[in-house]
> 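Following this message is one structure expressed as structure tokens.
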Amino acid sequence: MADRLDFLTGNVVQVARRLLGCMVVRELDGKRLIGKIVETEAYHQSDAASHSYNGRTPRTEVMFGPAGFWYVYFTYGMHYCMNVVTGQEGEGSAVLIRAIEPISGLEYMREHRRGVEGVNVTNGPAKTCQALAVDKQYSGHAVTKAPLRLIAGPAQPDDGIVATTRIGITKDTHRLWRFYCKDNPFVSRP
DNA sequence: CGGCAGATACGCT
DNA sequence: GCGTATCTGCCGT
């Protein structure tokens, strides 16, 4: 199964496309929460919008390590966002998971989200982390290991993927490095 | 339902 | 000190 995640060592933009349709599996208190990735963004050290742009720091160190680890950061004083580290060791690149579609354990995701309904449970990067109860402690953990795993899914056809500019950044805003599953209702912003 | 202000704490200069 | 890969609630239509 780990073989199927070999694509993570590739180019971050290609990996961001390939991650659409993959599953995040979160095990918690004997429960299993599963979400399908429906929206991603690519970040690379050559890109001024990336946390890795200014070089290695204690926080961003994991981005420069080998592919296949989670990079989770805290922002805006209250939110977490989760990324998958990609590329070669020494290269600061990662893909932000911006939204998932709940597949299993929706009722527990809703509890974590204080009872919000419908698409609002997971249609954003911080919402996704809150729904899956993911915080900074998972930064640096392997994506192949419980209780937070990534499972490869089928590659999406090119005509099912929409590419746009990234959200919430102020630098390198022209790059079309945001990807989402066309017509999926859990996408944060069409 | 669309736009905007406020929350809130961490990492880095 | 300051800016932040966001969300929520409150205001207006």
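Just so it is clear: chains get the letters A, B, ... in the order the sequence lines come, proteins before strands, and each one is counted from 1.
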> Quick one: side chain to side chain donor-acceptor pair (under 3.5 Å) pairs with a partner in residues 181-190 of chain A, sequence neighbours left out?
A/E39-A/S188, A/R98-A/S188, A/E101-A/N184
> For A/A126, report the nucleic acid contact type (base, sugar-phosphate, nothing); a contact means any heavy atom under 4.0 Å.
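The answer is sugar-phosphate, as A/A126 gets under 4.0 Å only of primed atoms, P, OP1 or OP2.
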> List for me each residue that meets salt bridge (charged side-chain N to carboxylate O under 4.0 Å, His left out) alongside A/D159, sequence neighbours excluded, and say none if there are none.
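Residues passing salt bridge (charged side-chain N to carboxylate O under 4.0 Å, His left out) with A/D159: none at all.
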> Please list, for nucleotides 11-13 of chain B, all pairs of protein and nucleotide N/O atoms separated by less than 3.5 Å.
from, atom 1, to, atom 2, distance (Å)
B/dG11, OP1, A/K136, NZ, 3.0
B/dG11, O3', A/R59, NE, 3.3
B/dC12, OP1, A/T57, OG1, 2.0

> Sort and list the pairs that fulfil side chain to side chain donor-acceptor pair (under 3.5 Å) and have at least one residue in residues 81-94 of chain A, not counting sequence neighbours.
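Sorted pair list: A/H44-A/E91, A/T86-A/S93.
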> How many Å lie between CD on A/Q130 and C1' on C/dT6, as a whole number?
11 Å
> Considering only heavy atoms, which members of residues 102-120 of chain A lie under 4.0 Å from some atom of DNA chain B?
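Correct list: empty, so none.
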> Within residues 82-96 of chain A, find the residues that approach DNA chain C with a heavy atom at under 4.0 Å, and present them sorted by residue number.
A/N83, A/L96
> Go through C/dC7, C/dT4, C/dA5 for me and flag the one nearest to the A/M63 side chain.
C/dA5
> If you look only at pairs with a residue in residues 72-82 of chain A, which of them pass as a side chain to side chain donor-acceptor pair (under 3.5 Å), with sequence neighbours excluded?
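Applying side chain to side chain donor-acceptor pair (under 3.5 Å) to every pair that reaches into residues 72-82 of chain A, excluding sequence neighbours, yields nothing.
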> Grab the two heavy atoms, one from A/A133 and one from A/R26, that are nearest each other, plus how far apart they are.
O-NH2, 2.8 Å
> Are the ring of A/Y76 and the base ring of B/dA9 both nearer than 5.5 Å at their centres and tilted by less than 30°?
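So A/Y76 does not count as stacking on the base.
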> Just the dot-bracket of DNA chain C, please: which string comes out with Watson-Crick or G-U pairs under 3.5 Å, [ ] for crossing, | for another strand?
||||.|||||||.
> Sort me out a list of protein N/O and nucleotides 10-13 of chain C N/O pairs below 3.5 Å, or just none if empty.
none

> Could you identify which residues of residues 163-182 of chain A place a heavy atom less than 4.0 Å from some atom of DNA chain C, listed by residue number, or say none?
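Within this stretch, A/I167, A/G168, A/I169, A/T170 sit under 4.0 Å of the strand.
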> Of all residues at least two apart in sequence or in a different chain, which pass the salt bridge (charged side-chain N to carboxylate O under 4.0 Å, His left out) check with A/D47?
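Once residues adjacent in sequence are excluded, the partners of A/D47 under the salt bridge (charged side-chain N to carboxylate O under 4.0 Å, His left out) criterion are A/R166, A/R175.
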> Donor-acceptor pairs under 3.5 angstrom involving side-chain atoms of residues 30-37 of chain A: please list them, not counting sequence neighbours.
from, atom 1, to, atom 2, distance (Å)
A/R32, NE, A/E27, OE2, 3.2
A/R32, NH2, A/E27, OE2, 2.8

